[in-house]
Student: 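I'd like to ask some things about the structure below.
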Amino acid sequence: MRIATWNVNSITARLPRLLAWLESTGTDVLCVQETKCSPEQFPTDQLRELGYESAVTATGRWNGVALISRVGLDDVVSGLPGGPAYDGAQEPRAVSATCGPVRAWSVYVPNGREVDHAHYAYKLEWLAALRTAVAEDAAGGRPFAVLGDFNVAPTDDDLWDPAAFVGQTHITPAERAALAALRETGLSDVLPRALKYDRPFTFWDYRALGFPKNRGMRIDLVYGNAPFAAAVSDAYVDREERKGKGASDHAPVVVDLDL
DNA sequence: ATGGCGTAACCCTTACGA
């Protein structure tokens, strides 16, 4: 089966591309982030016409995640159990479900904004809660993975220029330690191939010709447990989807499994 | 020449993104 993760930066704005991409790639399970829609606005009917079921956790203008599957969508859990609130509210940043042989999470980790911002502390709390929430499944015998926009570059190799990020979020030791703690539950980073250049960046800022200059970051990650990792036959970043008018600023990460 | 954007919901500007 083919499973993927994609921060679409508004599923409404991306819908024509999304539907065409699902058909052309034959993706079975897609983890979506930044739907930026209300549950009512989510394109459930259009996806059903293509043969996909949807599980949506969204509240409106900001954030929002979904799981889209044509191989089953069972035991849906909306939100991050035990997750922290921001400004008094739980934000829609996680949804999990069983899709055929795989238990999958779609996550949109908080951005953090600036290191001294309350959003940064919230980001670290959120990642700690994620670790607690996934620990049992990560250690289990069923293929399991957390896929999504982690808003952390795991290493300096995951940045077009580490010097450009000094003093900023996404690269701090505390954020990277939070990812390491998540991996300690039994998850490993499924590293995708790059289809061009040497490194598999997944995000390029819209501004300053980020994509043409390949000023990218790898922040969209697939963290799989041992049974999941053992089934991986290929993984790549579909940078073609970042091209042209109407692209998201993130490219999909695609993983093929012998399952 | 050293910057260059896109999105949604609010008004025509702002918040957010990383």
Side-chain angles (χ1 to χ4, degrees), chain A residues 5-18 21 32-43 56-66 85-94 106-127 147-176 178-179 199-221 237 239 241-253:
Chain A
T5 181
W6 189 11
N7 179 325
V8 295
N9 186 17
S10 170
I11 199 162
T12 308
R14 218 63 59 214
L15 190 58
R17 273 183 176 254
L18 174 69
W21 188 84
V32 178
Q33 301 86 39
E34 285 209 84
T35 55
K36 290 186 169 178
C37 68
S38 66
E40 297 74 30
Q41 291 168 319
F42 192 86
V56 186
T57 299
T59 55
R61 185 177 182 185
W62 304 119
N63 314 307
V65 290
Y86 187 72
D87 261 352
Q90 299 268 347
E91 296 175 319
R93 296 183 174 275
S106 175
V107 300
Y108 179 47
V109 177
N111 171 292
R113 301 188 190 157
E114 292 159 24
V115 173
D116 59 357
H117 198 287
H119 209 257
Y120 177 81
Y122 166 60
K123 179 180 196 174
L124 296 178
E125 291 169 17
W126 202 94
L127 283 167
L147 307 93
D149 179 354
F150 283 70
N151 270 320
V152 181
T155 75
D156 280 354
D157 280 342
D158 300 309
L159 304 167
W160 63 275
D161 179 10
F165 293 87
V166 172
Q168 299 190 41
T169 60
H170 294 63
I171 57 118
T172 64
E175 290 165 278
R176 287 174 171 171
L179 287 194
R199 289 179 292 175
F201 296 146
T202 65
F203 165 86
W204 299 261
D205 201 300
Y206 284 128
R207 293 165 286 193
L209 295 180
F211 185 64
K213 295 189 174 185
N214 198 33
R215 293 179 171 179
M217 309 170 74
R218 187 175 75 93
I219 54 175
D220 299 273
L221 309 176
V237 180
R239 75 183 296 283
E241 189 52 48
R242 181 61 180 78
K243 293 181 177 179
K245 196 170 179 60
S248 170
D249 42 4
H250 295 251
V253 179

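As the structure is a computational prediction, the values presented were derived from the model and not from experiment. Chain A is the first sequence line, chain B the second, and so forth, proteins listed ahead of strands; every chain is numbered from 1.
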Student: Could you measure between the two C1' atoms, the one in dA8(B) and the one in dC12(B), and give it in whole Å?
Tutor: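 After rounding to an integer number of Å, I get 14 Å for this pair.
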Student: Going by the angle between their ring planes, with limits at 30° and 60°, are H119(A) and Y86(A) parallel, tilted or perpendicular?
Tutor: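 Judged by the thresholds at 30° and 60°, the geometry between H119(A) and Y86(A) is perpendicular.
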Student: Which value, in whole Å, describes the distance between the C1' atoms of nucleotides dC10(B) and dC16(B)?
Tutor: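 Nearest-Å result for dC10(B) against dC16(B) at atom C1': 14 Å.
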Student: Between dT7(B) and dC11(B), how far is it from one C1' atom to the other, in whole Å?
Tutor: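 It works out to 16 Å between them.
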Student: For the residue pair W204(A) and F211(A), does the interplanar ring angle fall in the parallel (under 30°), tilted (30 to 60°) or perpendicular (over 60°) class?
Tutor: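 W204(A) and F211(A): perpendicular rings.
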Student: Taking the same atom, C1', in dG6(B) and in dT2(B), what whole-Å distance lies between them?
Tutor: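 Taking atom C1' in both dG6(B) and dT2(B), they lie 22 Å apart.
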Student: Let me have a per-nucleotide readout for nucleotides 13-18 of chain B, 5' to 3', with B, S or -, counting only protein heavy atoms under 4.0 Å.
Tutor: -BBSBB
Student: Classify K213(A) by what it touches in the nucleic acid, base, sugar-phosphate, or nothing, heavy-atom distance under 4.0 Å.
Tutor: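 Touches a base.
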Student: With sequence neighbours left out, what residues match F201(A) under ring-ring contact (aromatic ring centres under 6.0 Å, His included)?
Tutor: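 Result, ring-ring contact (aromatic ring centres under 6.0 Å, His included) vs F201(A): none returned.
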Student: DNA chain B: A208(A) or T12(A), which has the more 5' nearest nucleotide?
Tutor: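 On the 5' side of the pair lies A208(A).
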Student: For dC5(B) versus dA18(B), give the span between their C1' atoms, rounded off to a whole number of Å.
Tutor: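 Rounded to whole Å, the distance is 13 Å.
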Student: Once side-chain contact (heavy atoms from CB on, under 4.5 Å) is applied, do any residues pair with L209(A), and if so which ones, sequence neighbours excluded?
Tutor: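 Counting only residues at least two positions away or on another chain, L209(A) forms a side-chain contact (heavy atoms from CB on, under 4.5 Å) with P212(A), K213(A).
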Student: Rounded to the nearest angstrom, tell me the gap between atom CG in L209(A) and atom P in dT2(B).
Tutor: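 Computing the L209(A):CG to dT2(B):P distance gives 14 Å.
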Student: For R14(A), answer base if it contacts any base atom (sugar-phosphate contacts may also be present), sugar-phosphate if it contacts only those atoms, and nothing otherwise; contact means non-hydrogen atoms under 4.0 Å.
Tutor: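 Sugar-phosphate only.
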Student: Between the main-chain N or O of R218(A) and the side-chain N or O of T202(A), is there a donor-acceptor pair closer than 3.5 Å?
Tutor: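 No, the answer is negative, given that no donor and acceptor are paired below the 3.5 Å cut-off.
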Student: Minimum heavy-atom separation for T35(A) to V32(A), with atom names?
Tutor: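 Shortest heavy-atom contact: CG2-CG1, 3.9 Å.
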